[in-house]
Amino acid sequence: MNIEDIREFYVLSVTNSFSETAEQLFTTQSSISKHLKRLEDEIGTPLFTRTSRKVKLNEAGKVFFTYAEKFLSLQDELVQAMSEHVTPSLSTLNIAVFSSMSLYEIPELITAFHQEYPFVSTRLIEARVDNMISMLMDGTCNVAFFREGSSIPLDSIEKIPFYTDKVTAVMGKGHSYEAFDTIPLKKLAEAPILAAGTNNNLYKSIVTALKKTGKQPNFIYLGHSYDNILGLAKQGAGIALTINQSAKALPADTFSIRPLSPEITSNIYVLYRKDQKLSPQVKNFIRFVKNIN
């Protein structure tokens, strides 16, 4: 039974509101709902009576609430007692992250981890994805949020699937490719393409997929400015290729977004060393990530 699920149940029982619970716990309503369903499935019975806006404990929920309150109180006492015996330098978890981590609710995950393990401090290190393997190997970081592209030495590093994103085509209104519901890669390779960088894992995945069409892709902009890419796409200079999580936030009255066929996926993993003894902090974090997913 997941401690985070129990804590979310407890707060929801007090607030009777998904939105207020999500705000207090720095997470989303959808996450609260998903975790509650997981808890109810594990117990084998619903815990709340739901209305359009509010929830209220049912009889089973009232029984569970009594024990959840005792359990969380005991956990807080345990955490407090152990914090007096933890050496600060040994309780720090160094996490390598990429610049767009907020698109994947990584800050929310870190906050939730702190709530469950408040005696563990975290240090986030923003890094290029292609440097993360060496950072793990030399001890600069303990775990890394890694976008697939560079090879992973699986004899020494374990990878946990975290999120699968997709590359999406973004164009200004009125572009001729708006006629496609889904843009074939072979057709995309004929168009002027705007992409970020030449030395990142997302770019490598895009190039590999386009070259499989047998055509040489026509990149007319390769830079690091997302604003420049969107500005050019808005003016009709080309088709911007970006991840779906970024594209979803674009204004629909300015840009058109189309999926690609076949899909170009962008997988994100949590990496850690498996060829050495793991600290309790790393073990707790890995266990927490697996439970979240």
Quick one: are [X] and [Y] in side-chain contact, heavy atoms under 4.5 Å?
{"X": "Ser205", "Y": "Glu148", "answer": "no"}
{"X": "Tyr67", "Y": "Leu72", "answer": "no"}
{"X": "Phe146", "Y": "Ile268", "answer": "no"}
{"X": "Glu4", "Y": "Phe288", "answer": "yes"}
{"X": "Asn284", "Y": "Arg287", "answer": "yes"}
{"X": "Asn16", "Y": "Leu12", "answer": "no"}
{"X": "Leu109", "Y": "Val289", "answer": "yes"}
{"X": "Lys187", "Y": "Tyr177", "answer": "yes"}

So, the side chain of [X] versus the backbone of [Y]: is there a donor-acceptor pair under 3.5 Å, distance only?
{"X": "Lys274", "Y": "Leu154", "result": "yes"}
{"X": "Asn131", "Y": "Ala127", "result": "no"}
{"X": "Arg123", "Y": "Ile95", "result": "no"}
{"X": "Ser33", "Y": "Gln29", "result": "no"}
{"X": "Arg258", "Y": "Phe180", "result": "yes"}
{"X": "Asp165", "Y": "Ser266", "result": "no"}

Determine which pairs satisfy ring pair (Phe, Tyr, Trp, His ring centres under 6.0 Å) with at least one residue from residues 255-286, sequence neighbours left out, and list them in order.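 Qualifying pairs: Phe113-Phe285.
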When rounded to the nearest 0.5 angstrom, what distance separates [atom1] in [X] from [atom2] in [Y]?
{"X": "Lys159", "Y": "Ile152", "atom1": "NZ", "atom2": "CD1", "value": "5.0 Å"}
{"X": "Ser256", "Y": "Lys173", "atom1": "OG", "atom2": "NZ", "value": "3.5 Å"}
{"X": "Leu260", "Y": "Ile206", "atom1": "CG", "atom2": "CD1", "value": "8.5 Å"}
{"X": "Leu194", "Y": "Leu232", "atom1": "CG", "atom2": "CG", "value": "5.5 Å"}
{"X": "Ile264", "Y": "Lys212", "atom1": "CD1", "atom2": "NZ", "value": "9.5 Å"}
{"X": "Leu278", "Y": "Lys283", "atom1": "CG", "atom2": "NZ", "value": "6.5 Å"}

Listed partners of [X] passing ring pair (Phe, Tyr, Trp, His ring centres under 6.0 Å), at least two apart:
{"X": "Phe145", "value": "Phe162"}
{"X": "His35", "value": "none"}
{"X": "Phe65", "value": "Tyr10"}

Taking side-chain hydrogen bond (donor to acceptor under 3.5 Å, both in side chains) as the definition, give me every residue that meets it alongside Ser19, ordered by chain and number, with sequence neighbours left out.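 Ser19 satisfies side-chain hydrogen bond (donor to acceptor under 3.5 Å, both in side chains) with Ser17 only.
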Could you tell me which residues satisfy side-chain hydrogen bond (donor to acceptor under 3.5 Å, both in side chains) with Asp275, sequence neighbours excluded, listed by chain and number?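 Result, side-chain hydrogen bond (donor to acceptor under 3.5 Å, both in side chains) vs Asp275: Arg273.
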One pair to check against side-chain contact (heavy atoms from CB on, under 4.5 Å): Val97 and Ile125. What are the steps and the verdict? CA-CA 6 Å; Val97 296; Ile125 307 170; over 6 Å; no
Donor-acceptor pair between [X] and [Y] side chains, under 3.5 angstrom:
{"X": "Thr92", "Y": "Ser121", "value": "yes"}
{"X": "Ser261", "Y": "Thr182", "value": "no"}
{"X": "Glu126", "Y": "Ser99", "value": "no"}
{"X": "Thr49", "Y": "Asn58", "value": "no"}
{"X": "Asp227", "Y": "Ser225", "value": "no"}

With hydrophobic residues grouped by side-chain heavy-atom distances under 4.5 Å, do Ile32 and Ile43 end up in a single group?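 Linked, Ile32 and Ile43 end up in one cluster.
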Using the rule that two of Ile, Leu, Val, Met, Phe, Trp, Tyr join whenever any of their side-chain heavy atoms come within less than 4.5 Å, decide whether Val207 and Val170 are in one cluster.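 The answer is no; the residues belong to distinct hydrophobic clusters.
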For residues 233-245, which side-chain N or O atoms pair as donor and acceptor with protein atoms under 3.5 Å away, sequence neighbours left out?
{"residue": "Asn244", "atom": "OD1", "partner": "Thr168", "partner atom": "OG1", "Å": "3.3"}
{"residue": "Gln245", "atom": "OE1", "partner": "Tyr163", "partner atom": "OH", "Å": "3.1"}
{"residue": "Gln245", "atom": "OE1", "partner": "Lys248", "partner atom": "NZ", "Å": "2.7"}
{"residue": "Gln245", "atom": "NE2", "partner": "Leu103", "partner atom": "O", "Å": "2.9"}

Between Glu8 and Ser31, what is the shortest heavy-atom contact and its length?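 In this case the closest contact between Glu8 and Ser31 is OE1-O, 4.2 Å.
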Taking all heavy atoms of Ile183 and all of Ala169, pick out the closest pair and write down the distance.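 Distance-wise, the nearest heavy atoms are CD1-CB, 3.8 Å.
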With [X], which residues qualify under salt bridge (Lys or Arg N to Asp or Glu O under 4.0 Å), at least two apart?
{"X": "Asp5", "answer": "Arg38"}
{"X": "Asp41", "answer": "Lys37"}
{"X": "Glu42", "answer": "none"}
{"X": "Lys186", "answer": "none"}

Lys NZ or Arg CZ of Arg128 over Phe98 ring: under 6.0 Å, within 45°: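 No cation-pi geometry.
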Are more than 12 heavy atoms, taken from residues, nucleotides or ligands other than Asp181, located less than 6.0 Å from that residue's CG atom?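 No - once you tally the heavy atoms of other residues, nucleotides and ligands closer than 6.0 Å, there are 12 at most.
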Could you walk me through whether Ser13 and Lys56 pass side-chain contact (heavy atoms from CB on, under 4.5 Å), step by step? CA-CA 7 Å; Ser13 302; Lys56 184 179 180 181; over 6 Å; no
Which pairs of donor and acceptor atoms, one on a side chain in residues 214-222, lie under 3.5 Å apart (sequence neighbours left out)?
{"residue": "Lys215", "atom": "NZ", "partner": "Glu190", "partner atom": "OE2", "Å": "2.3"}
{"residue": "Tyr221", "atom": "OH", "partner": "Asn228", "partner atom": "ND2", "Å": "3.2"}

Which is it for Asn2 and Leu39 under the side-chain contact (heavy atoms from CB on, under 4.5 Å) test, yes or no, and what are the steps along the way? CA-CA 8 Å; Asn2 189 288; Leu39 182 62; over 6 Å; no
Taking it one step at a time, do Glu59 and Lys62 satisfy salt bridge (charged side-chain N to carboxylate O under 4.0 Å, His left out)? CA-CA 5 Å; Glu59 291 304 313; Lys62 291 175 182 177; 3.4 Å; yes
Please report the C-alpha distance between His114 and Thr122 in whole Å, then the side-chain angles of each, then the deciding distance to 0.1 Å, and finally whether the side chain to side chain donor-acceptor pair (under 3.5 Å) criterion is met. CA-CA 8 Å; His114 280 157; Thr122 57; 2.8 Å; yes
Test salt bridge (charged side-chain N to carboxylate O under 4.0 Å, His left out) on Glu40 and Lys34; report intermediate values, then the result. CA-CA 10 Å; Glu40 290 178 328; Lys34 181 176 71 174; over 6 Å; no
Show your working on side chain to side chain donor-acceptor pair (under 3.5 Å) between Thr265 and Thr164 and close with a plain yes or no. CA-CA 7 Å; Thr265 58; Thr164 297; over 6 Å; no
